[in-house]
Amino acid sequence: MSAPALIGLSPDHLRRRFKEVGVPGYRADQVAEWVYQRGVLEPEAMTNLPQELRGQLLADWSFRALEPVRVAHSTDGTVKAVLRASDGVLVEAVLIPEEERTTLCVSTQVGCPLACSFCATGALGFTRNLDAAEIIDQVLRMRELLPADRTITNVVFMGMGEPLLNLPNLIAAVETLLHPKAFAMAPRRVTVSTAGVVPKIGELLEAVPVNLAVSLHAATDAVRDVLVPLNRRFPLAELMQTLRELPRISRRHPVFFEYTLIDGVNDSREDAREVGRLLRGLPSKLNLIPMNAHSDSGYQPPPPERIDAFMGELVRGGVTTTLRRSRGADIDAACGQLAVREAAG
Ligand code: SAH
């Protein structure tokens with residue numbers, strides 16, 4: 001048996017575990033500071049701890065959950081890493097540096113059970129959930145790749161997997177991101193995206209005050225059933241009613257919708273008008289993502305003029321819309337392209 005991972009634990013959790021073995025709580029805060037704030041993962045280097053405790057930490061805990069296997073750099077600055085867990089499974093994480101911020105896109109599952117028809121991860125099928133340590137080690141490992149004058153300012157749970165099907169580990173990881181003695185991130189800098197696991201949305205927002213993103217992709221059940229098969233279990237009416245009843249959603253905390261535009265599938269003016277009708281009155285912003293093509297589906301992005309027309313129609317319908325410039329497509333790091341396979345490379 002290998003030692004349990006320390007890095008998935010929030011400082012509060014760590015305090016409890018330390019107390020159980022007679023180590024005072026403030027020591028947990030010191031360890032959390034070394035690990036999460038300074039990125040120091042060798043107990044020997046934690047110089048404000050007594051030597052005996054350093055030895056105990058080394059013996060009782062593991063400080064890593066993932067090993068980087070490959071790192072790819074896009075011409076636009078995007079960095080994708082393939083990381084291996086202790087049982088050999090592979091996950092991907094993507095760093096997206098911009099002028100004002102550096103966003104990290106993390107995975108929550110190995111593969112994904114939802115099988116959205118346009119998503120490369122969906123084509124992999126599902127292997128297993130990541131635990132909190134494996135989620136947090138993506139943050140630590142990716143931060144280590146940044147130059148000294150940069151740090152991760154935003155975390156989006158938009159990598160491989162459906163976060164809301166891995167809720168306990170997701171919540172534990174978010175708690176560590178937000179905790180003032182750990183990563184101390186502001187809640188508005190953490191975003192969880194879901195394909196619409198309706199019964200878990202309220203539970204997530206009651207546990208942690210993150211931004212909510214919802215993968216919409218269609219404004220009618222007929223189209224959404226095909227793109228997001230989960231829609232057959234939780235159709236649009238149910239999803240929208242749940243979103244409208246969330247106490248946290250307001251103009252200051254809108255729902256962020258993602259809409260992947262696919263040539264000839266969901267990109268007509270009428271589709272755009274339907275989106276406007278669906279979102280009316282709900283504080284929200286919509287992110288348009290032209291389909292990133294990949295070999296697991298025949299779908300293509302619409303031509304630029306159709307994207308413009310779609311966006312124009314949304315704006316006329318009162319939908320706050322942004323067009324997401326895809327990043328990292330040359331290294332298969334763009335939305336929906338995360339599909340590392342164990343056999344690969
Ligand atoms: N399972 C969650 C988290 C994944 S987020 C969710 O569905 O929200 C990844 C986002 O990229 C989702 O909005 C997903 O629908 C979108 N996406 C998947 N494949 C894509 C592709 N080929 N091109 C553009 N966006 C894609």
Side-chain angles (χ1 to χ4, degrees), residues 10-13 101 103-106 108-109 114 129 132 135-136 153-159 161-221 224 228 230-259 274-289 314 317-322 324:
S10 77
D12 295 336
H13 199 156
R101 58 182 172 187
T103 302
L104 174 65
C105 178
V106 295
T108 52
Q109 298 183 316
L114 295 185
N129 283 331
I135 297 172
I136 289 299
T153 60
N154 296 65
V155 172
V156 296
F157 288 85
M158 297 185 183
E162 168 51 48
L164 295 198
L165 294 180
N166 187 11
L167 201 54
N169 291 317
L170 170 72
I171 290 171
V174 170
E175 282 172 347
T176 303
L177 292 178
L178 302 186
H179 199 291
K181 295 199 169 98
F183 290 95
M185 293 186 71
R188 72 196 152 76
R189 294 184 175 276
V190 178
T191 301
V192 173
S193 180
T194 179
V197 186
V198 166
K200 301 285 183 187
I201 294 175
E203 216 178 302
L204 169 74
L205 293 184
E206 275 163 35
V208 280
V210 287
N211 296 322
L212 177 68
V214 175
S215 294
L216 188 63
H217 309 316
T220 63
D221 284 324
R224 200 165 187 270
V228 184
L230 183 71
N231 193 70
R232 297 174 207 154
R233 264 174 73 198
F234 306 115
L236 278 168
E238 246 179 78
L239 173 64
M240 295 309 296
Q241 188 190 339
T242 298
L243 297 179
R244 286 179 192 281
E245 288 171 358
L246 290 172
R248 243 178 62 79
I249 298 306
S250 63
R251 293 222 162 272
R252 276 200 58 210
H253 296 116
V255 179
F256 296 90
F257 288 102
E258 292 135 298
Y259 194 104
E274 284 286 354
V275 172
R277 284 193 277 273
L278 194 68
L279 304 193
R280 192 149 302 149
L282 175 67
S284 60
K285 292 187 175 167
L286 187 139
N287 222 316
L288 278 179
I289 315 165
L314 283 178
V319 181
T320 309
T321 311
T322 52
R324 192 186 288 176

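Arg277 pairs by the salt bridge (charged side-chain N to carboxylate O under 4.0 Å, His left out) definition with Glu270, Glu274, not counting sequence neighbours. Among residues two or more places apart in sequence or in another chain, the side chain to side chain donor-acceptor pair (under 3.5 Å) test is passed with Arg232 by none. Applying the side chain to side chain donor-acceptor pair (under 3.5 Å) criterion to Thr242, with sequence neighbours excluded, gives no partner residue.
Contact check for Tyr259 versus Thr321: no side-chain heavy atoms found under the 4.5 Å cut-off. Put simply, the side chain of Glu162 reaches to within 4.5 Å of the side chain of Thr194, judged on heavy atoms. Under the 4.5 Å side-chain criterion, counting only non-hydrogen atoms from C-beta, Leu177 is in contact with Phe183. Here the side chains of Thr108 and Val192 are not in contact, with every heavy-atom distance at 4.5 Å or above.
Residue Arg101 qualifies as open at atom CZ: its count of foreign heavy atoms under 6.0 Å is 12 or below.
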For a quick test of your reading: what N or O donor-acceptor pairs under 3.5 Å do the side chains of residues 197-212 make, sequence neighbours left out?
from, atom 1, to, atom 2, distance (Å)
Asn211, ND2, Arg188, O, 2.8
Asn211, ND2, Thr191, OG1, 3.2

Could you list the donor-acceptor pairs under 3.5 angstrom formed by side chains in residues 167-175, with sequence neighbours left out?
from, atom 1, to, atom 2, distance (Å)
Asn169, ND2, Leu130, O, 3.3
Asn169, ND2, Asn166, OD1, 2.9

Enumerate, atom names and distances included, each donor-acceptor pair closer than 3.5 Å involving a side-chain atom of residues 279-288, sequence neighbours excluded.
from, atom 1, to, atom 2, distance (Å)
Ser284, OG, Leu282, O, 3.1
Asn287, OD1, Thr322, OG1, 3.4

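Of all non-hydrogen atoms in Arg189 and Met185, the two that sit nearest each other are O-CE, 3.8 Å. Here the closest non-hydrogen pair linking Ser215 and Arg224 is O-NH2, 2.7 Å. The two atoms that bring Arg248 and His253 nearest to each other are O-CB, 3.3 Å, heavy atoms only.
Here the OG1 atom belonging to Thr320 is positioned 11.5 Å from the CZ atom belonging to Phe257, to the nearest 0.5 angstrom. Interatomic distance, CG of Leu239 versus CZ of Arg244, reported as 10.5 Å (0.5 Å rounding). Once rounded to the nearest 0.5 Å, the distance linking CG of Leu230 with CG of Leu165 reads 7.5 Å.
Between the side chain of Asp221 and the backbone N or O of Asn231 there is no donor-acceptor pair closer than 3.5 Å.
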